[in-house]
Undergrad: 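Would you mind keeping the following structure in view while I ask a few things?
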Amino acid sequence: FFTSTVPYHKKFTMALLRRKIATAIITDIDDETLQREDTETILIVITLIKEALYGILIAFAVLSLALFIDCHFLLKLPMVHNFRRATMSLVNDRDTMINMEESSGLKFMNMDQYNLMVHEINSVTKKKAFAKSLLEESSADIEKMDADLNQYRQELEKFCPPCLWSKGQSCSGRVKFLRNQYGVPRHIAKLSAMSQGSCRNPAM
């Protein structure tokens with residue numbers, strides 16, 4: 001069995017103190033009892049705290065009721081309604097809004113206008129991202145085309161006009177024949193003639 005390390009008399013004192021506090025909270029002690037010399041200090045303190053809390057709660061309730069009644073009757077006054085209409089008319093006036101926007105450096109708008117602007121901004125952002133992707137793809141295609149053109153130029157530089165394409169026909173004569181016979185561009189005719197290894201400049 002486990003034994004408690006707290007002495008019995010301390011346990012009894014704590015239990016007695018808790019009982020006195022509970023009694024002071026539950027029981028209403030009159031002024032005569034509080035003024036007696038044999039009344040314990042703990043009972044007097046708990047009673048004073050309880051009465052102070054009651055006073056605060058009552059004061060708060062009375063103040064809340066007074067504010068509610070005051071506000072309720074105040075809103076029914078014709079002057080308040082007129083003041084409210086004049087204020088709303090002034091706020092909705094275009095010149096007033098322009099002056100307020102210029103003074104504050106802000107743009108006032110309703111939720112529909114705001115949502116429309118947000119939608120347009122998001123749409124422009126998406127279009128910008130799409131255009132950026134197209135530009136990147138176009139840049140890659142242009143770089144590939146430049147590389148292909150450089151390759152074609154280097155290949156065409158190896159063309160040897162005086163070399164023999166076949167017996168009795170030079171490479172330049174073959175190019176002239178292809179252009180006259182089939183109407184192909186000059187560089188296509190050169191590449192066709194160079195398909196025969198004899199039309200390539202051996203020095204290049």
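Keep in mind that what you see is a predicted model, and the values were worked out from it rather than measured.
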Undergrad: Counting N and O atoms only, with roles assigned by atom type, does the side chain of S170 sit under 3.5 Å from a partner on the main chain of G173, one being a donor and the other an acceptor?
TA: yes

Undergrad: For the side chain of S192 and the backbone of I188, is there at least one donor-acceptor N/O pair under 3.5 Å apart?
TA: no

Undergrad: Measure the spacing between CG of N122 and CD of E120 and express it to the nearest 0.5 Å.
TA: 10.5 Å

Undergrad: Looking only at heavy atoms, what is the nearest atom pair of L164 and S198, with distance?
TA: O-OG, 3.0 Å

Undergrad: Could you give the distance from CH2 (W165) to OG (S172), rounded to the nearest 0.5 Å?
TA: 13.0 Å

Undergrad: Please walk me through it: do L191 and F159 pass side-chain contact (heavy atoms from CB on, under 4.5 Å)?
TA: CA-CA 8 Å; L191 291 174; F159 181 70; over 6 Å; no

Undergrad: May I ask you to decide if H119's main-chain N or O and S123's side chain share a donor-acceptor pair within less than 3.5 Å?
TA: no

Undergrad: Could you identify which residues cluster with M145, counting Ile, Leu, Val, Met, Phe, Trp and Tyr as linked when any side-chain heavy atoms lie under 4.5 Å apart, either directly or through a chain of such contacts?
TA: none

Undergrad: C171 and C199: sulfurs closer than 2.5 Å?
TA: yes

Undergrad: Should we say atom CD of Q181 is surrounded by more than 12 heavy atoms from elsewhere, each under 6.0 Å from it?
TA: yes

Undergrad: Evaluate R200 against E155 for side-chain contact (heavy atoms from CB on, under 4.5 Å), listing each step before the verdict.
TA: CA-CA 9 Å; R200 292 177 176 271; E155 189 70 15; 2.4 Å; yes

Undergrad: If two hydrophobic side chains count as joined below 4.5 Å and joins carry through other members, does M111 share a cluster with M117?
TA: yes

Undergrad: As an exercise, state the distance from CZ of R179 to NZ of K190, rounded to the nearest 0.5 Å.
TA: 9.5 Å

Undergrad: Nearest 0.5 Å please: distance from the CD atom of E137 over to the CD1 atom of I142.
TA: 12.0 Å

Undergrad: Are V184 and F177 connected, step by step, through hydrophobic side chains (Ile, Leu, Val, Met, Phe, Trp, Tyr) whose heavy atoms are closer than 4.5 Å?
TA: yes

Undergrad: What's the spacing between L156 CG and R186 CZ if we round to 0.5 Å?
TA: 11.0 Å

Undergrad: Using 0.5 Å steps for rounding, measure from the CG atom of D148 to the CG atom of D141.
TA: 10.5 Å

